[in-house]
Amino acid sequence: MIPAVMPTYGRTNIAFQSGEGAWLQGADGRRYLDFGSGIAVCSLGHCHPRLVKALQDQAAQLWHVSNLYESPGQTALAEKLVQNSFADTVFFSNSGAEALEGALKIARRYQQMAVSQPDRYRVITVSQAFHGRTLATLAAGDSEKNCMGFAPLVEGFDTVPFGNLNALRAAITAETAAILVEPIQGEGGIRVADHDYLRGLRAAADEFGLLLIFDEVQTGMGRTGHLFAYEAAGIAPDIMALAKGLGSGFPVGAILASEKAASAMAPGSHGSTFGGNPLAMAVANTVLDIMLQDGFLAHVQEVSARLEAGLQKLVETYPAIFTEVRGVGLMRGLKCGPTHSDLIAKATENGLLTVPAADNVIRLLPPLVISAEEVDTAIAILLKTAADWAATSGQDTDADASVSHT
Ligand SMILES: *Cc1c(COP(=O)(O)O)cnc(C)c1O
């Protein structure tokens, strides 16, 4: 018999009862250190007191009125996002895929209405991209498995190899409207686009009159040590999608755009019943207020350096189990020798939660409020996990083989 909850997820057999900061309390009575953050969502950890208060205060006051009326919460958050990014204007959605859908619509509308290029609708995307599970974002992504059985896919996406500017330029035609990339691929295995590549995308977009769309659903909101990952490359997109960390666990997404890119977006051109709902705005405004406080991003950079050093040591100590450290800031990947899901299960048994990604990579996405001590605890658990693995697998993966160069 089919379960009451449609069986679309492979779930780990743990239920959580409560959370505080980087820690989760399991119904099994055990505590877990959370280096998954609900897949890069709980940016300020679990039940941050200021977010709890913001949500409780708003819940006692007003939940929902629709976008037929003024929204002071949306105005306040949009102004903060505009002040702290390339963008001039913001649309609020409820999720990442929805933000991407809107970003694609804005790009087509710009070409077809603002600059009178009615033939331009195609979007160049890259290999191993992930942009969500709606029909258009599936087509924009590069996972055959995710698309299986959902034909016909939305038309108008051309995939080129990630990181290859020549291939991208060669794919531009008279029908191309935009380029869409994640500055760091999350689901794809924590693959970092180098800054020259991102600058090359900007140059190609400018040369051919295309819009550059960055999917910062996972990289955004401080995760890389900058508020947005694009900042490190010294260029900016025309449109950017946000979600995950924006609400630290409350569902909310956003599309940020330059005035130029959004110039054809008029009343009636896009909408969402729930998008920018007062509860979401109360939380997201508080999230951004906290992230914009002095020292917040400096803390992310500081603990991420400690995490990177710990992960490098792990790879040096167990090079057959963990073969490579990837990523930036608090968005890290560990490429595995053995099957990553087996190691993830072992780490979970040892009290550390992580997230799988493509390419046999374990993702480490701790809350941005993680402390140096908690980083050390996570590294100690990973070392123990590798030692357990080496002991039970009986393979030549023990520390002795590699300790000489440490
Ligand atoms: C999670 C994610 C999405 C999809 O977000 P949903 O909220 O699940 O729709 C899109 N792009 C990237 C890069 C993501 O990490």
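What you see below is based on every heavy atom in this structure, not just the backbone, and it leaves out hydrogens, waters and symmetry mates. Counting starts at 1 for both ligands and their atoms, following the listed order.
Here is the list of ligand 1 atoms found below 4.0 Å of a heavy atom in Ala97: 4 (C), 5 (O), 6 (P), 9 (O). Set against the non-hydrogen atoms of Gln218, the atoms of ligand 1 under 4.0 Å away are 15 (O). Heavy-atom contacts of His131 reach the following atoms of ligand 1: 10 (C), 11 (N) (cutoff under 4.0 Å). When each atom of ligand 1 is checked for a heavy atom of Ser95 under 4.0 Å away, the hits are 7 (O), 9 (O). Close contacts between ligand 1 and Glu182 involve ligand atoms 13 (C) [criterion: under 4.0 Å to a heavy atom].
In this structure Phe250 satisfies the ring pair (Phe, Tyr, Trp, His ring centres under 6.0 Å) test with no other residue, sequence neighbours excluded.
Considering only non-hydrogen protein atoms, atom 5 (O) of ligand 1 sits nearest to Gly96 CA, 3.3 Å. Nearest protein neighbour of atom 12 (C) of ligand 1, counting heavy atoms only, is Asp215 OD2, 3.4 Å. In terms of protein heavy-atom proximity, atom 1 (C) of ligand 1 is nearest to Lys244 NZ, 1.5 Å.
Side-chain polar atoms of Glu216 and Thr219 form a donor-acceptor pair below 3.5 angstrom. No side-chain donor-acceptor contact under 3.5 Å links Asp359 and Gln128.
Distance check for atom 8 (O) of ligand 1: every protein heavy atom is found at 4.0 Å or beyond.
Between Tyr110 and Asp238 the shortest side-chain heavy-atom distance does not fall below 4.5 Å.
Neither the backbone nor the side chain of Ala243 has a heavy atom within less than 4.0 Å of ligand 1.
Surrounding CD of Glu144 are at most 12 heavy atoms belonging to other residues, nucleotides or ligands under 6.0 Å away.
Sorted pairs that involve residues 29-45 and meet salt bridge (Lys or Arg N to Asp or Glu O under 4.0 Å), not counting sequence neighbours, are lacking altogether.
To the nearest 0.5 angstrom, Asn277 atom CG is 10.5 Å from Ser66 atom OG.
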